[in-house]
Amino acid sequence: MMTDASELRDFTQPDELSDFTLVIDGTPLHVHKQYLAEWSPVWRQLFLDECSSPQEPREILMPDKNLQEVTELLHCIYSTQKPISDANVKFLLELSSEFQISRVKERCEQFLKNQECSLANLVVAEKYNLHSLFKRCMDFAKTKTLEELDSSAECKKLSPQTLLKIYHAKIQMLRDYSKELTQKDRQTIKDCENLRMEKENMKRSLQGIYGLWETPSKRCYRHIADSAFNYSCPDCNEKIYFEVRKLCGEGQHLRRYFPKQPDKKS
Ligand SMILES: [Zn+2]
């Protein structure tokens, strides 16, 4: 959704219902206590504390805050709800953490999750306790080489605990990989053994074919005692034909090692 600048509320101007003022660098930002309290438990407590004081102050000085950044935060929680962007995500995270505005913080996290994973975002996730982003960036960090991690300026900003988590995840990943390789290796040895046996069987079958014509028992009863095969006898030929077919049938399963050649005509 595009937000037209003219639609944005001008917080420097009070409206009929504004009942509180945030003062930054001398500039008043007119806001509504009830509304801010709904978004931030920190602000809610602040307003409650002030209600109990004798003369209820209607403004608070925020000397350590940046006017533009706080205005942007207000734009994000008032009805205009400005979108999170590269330009505002950093300080909105900072402010929404300080004032515990969880919905803005969640929107910032969602914005960062839609970006490419990076070590920089891991630093941000750690700093502001963004669990979901942290997990995503951790999965990314573990795929980096040790050299890449060691030379990264971002990694130096991470706590030792998080660095340890990265190394731990890396070890786990490598362990899984090595387990997978071992399994593949075992399967390959098994496949090799099967192939070797099939080859031996095939060899035996083929050698058997040569002997068929020399074997008296493979002839018809009339020529069983002949010294040589009688090629002119249909019965003998038919018996041999069935024997050859039987041997070919035994080798049938080996066809899967010879994939069909693509049709040359097409
Ligand atoms: Zn015969």
Side-chain angles (χ1 to χ4, degrees), residues 110 112-122 125 131-152 155 163-266:
Q110 196 52 50
L112 292 174
K113 272 170 71 180
N114 287 335
Q115 288 186 336
E116 295 239 333
C117 286
S118 65
L119 293 173
N121 276 349
L122 184 61
H131 294 291
S132 175
L133 181 69
F134 185 86
K135 197 180 165 309
R136 244 174 79 91
C137 291
M138 185 59 86
D139 283 343
F140 163 79
K142 74 179 181 190
T143 64
K144 297 269 128 195
T145 65
L146 283 179
E147 290 76 14
E148 282 170 326
L149 292 174
D150 288 345
S151 62
S152 155
C155 271
L163 273 178
L164 213 62
K165 271 186 195 160
I166 296 179
Y167 294 136
H168 191 269
K170 249 186 114 55
I171 291 171
Q172 190 61 52
M173 185 184 74
L174 291 173
R175 194 191 280 165
D176 289 347
Y177 181 57
S178 111
K179 214 183 272 172
E180 198 182 300
L181 280 183
T182 310
Q183 266 166 12
K184 274 189 184 154
D185 192 39
R186 233 175 259 152
Q187 188 57 45
T188 307
I189 291 174
K190 222 156 121 192
D191 289 347
C192 268
E193 179 56 22
N194 282 343
L195 272 177
R196 200 191 56 77
M197 270 163 53
E198 284 182 351
K199 192 182 126 198
E200 288 305 318
N201 285 341
M202 189 62 181
K203 225 161 89 184
R204 217 172 300 129
S205 293
L206 288 173
Q207 280 163 350
I209 284 182
Y210 291 119
L212 282 179
W213 283 267
E214 311 300 327
T215 313
S217 65
K218 305 287 180 194
R219 300 172 195 166
C220 81
Y221 70 96
R222 280 175 287 129
H223 298 110
I224 209 156
D226 287 6
S227 58
F229 187 80
N230 186 332
Y231 286 92
S232 61
C233 170
D235 290 337
C236 284
N237 279 323
E238 195 179 348
K239 283 201 82 171
I240 290 289
Y241 170 75
F242 281 112
E243 290 295 333
V244 172
R245 266 185 70 96
K246 208 175 102 199
L247 284 176
C248 288
E250 282 169 15
Q252 192 72 6
H253 63 286
L254 296 174
R255 282 173 63 158
R256 70 175 183 276
Y257 299 116
F258 305 98
K260 227 175 139 187
Q261 294 298 313
D263 202 339
K264 296 235 164 66
K265 273 183 285 179
S266 57

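Side-chain N or O atoms of Asn237 include one that pairs as donor or acceptor with a backbone N or O of Tyr231 at under 3.5 Å. Without hydrogens or angle criteria, Arg219 side chain to Trp213 main chain gives a donor-acceptor distance under 3.5 Å.
Pairs engaging residues 224-242 under the salt bridge (charged side-chain N to carboxylate O under 4.0 Å, His left out) rule: Arg222-Asp235 [sequence neighbours left out]. A salt bridge (charged side-chain N to carboxylate O under 4.0 Å, His left out) check over residues 137-148, counting only residues at least two apart or in different chains, returns the pairs Lys135-Asp139, Asp139-Lys142.
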Q: Would you sort out whether Ile240 and Phe229 count as a side chain to side chain contact (heavy atoms under 4.5 Å, CB included), showing the intermediate values?
A: CA-CA 10 Å; Ile240 290 289; Phe229 187 80; 3.4 Å; yes
Q: Start with the C-alpha gap between Asp185 and Leu181, add the side-chain angles, then the distance that decides, and say whether side chain to side chain contact (heavy atoms under 4.5 Å, CB included) holds.
A: CA-CA 6 Å; Asp185 192 39; Leu181 280 183; over 6 Å; no
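When the side-chain hydrogen bond (donor to acceptor under 3.5 Å, both in side chains) test is applied to Asp191, the partners found at least two apart in sequence or on another chain are Gln187. A search for side chain to side chain contact (heavy atoms under 4.5 Å, CB included) contacts involving Leu163 returns Cys155, Leu158, Ile166, Tyr167, not counting sequence neighbours. Considering only residues two or more places apart in sequence or on other chains, His223 meets the side-chain hydrogen bond (donor to acceptor under 3.5 Å, both in side chains) condition with Asn230. Applying the salt bridge (Lys or Arg N to Asp or Glu O under 4.0 Å) test to Lys218 and every residue at least two apart in sequence or in another chain returns Glu243. Qualifying salt bridge (Lys or Arg N to Asp or Glu O under 4.0 Å) partners for Glu193, counting only residues two or more places apart in sequence or in other chains: Arg196. Evaluation of the side-chain hydrogen bond (donor to acceptor under 3.5 Å, both in side chains) rule for Thr143 yields no partner, not counting sequence neighbours. With sequence neighbours left out, Lys184 forms a salt bridge (Lys or Arg N to Asp or Glu O under 4.0 Å) with Glu180. Remark: Glu116 engages no residue in a side-chain hydrogen bond (donor to acceptor under 3.5 Å, both in side chains) (not counting sequence neighbours).
Lys170 and Leu149 make their closest contact through CD-CD1, 4.2 Å (heavy atoms, listed as atom of the first residue, atom of the second, distance). Shortest non-hydrogen contact noted between Cys236 and Cys220 is SG-N, 3.4 Å.
Atom CG of Asp176 and atom CD1 of Ile171 lie 12.0 Å apart (nearest 0.5 Å). From Met197, atom CE reaches atom SG of Cys192 across 13.0 Å, with rounding to the nearest 0.5 Å.
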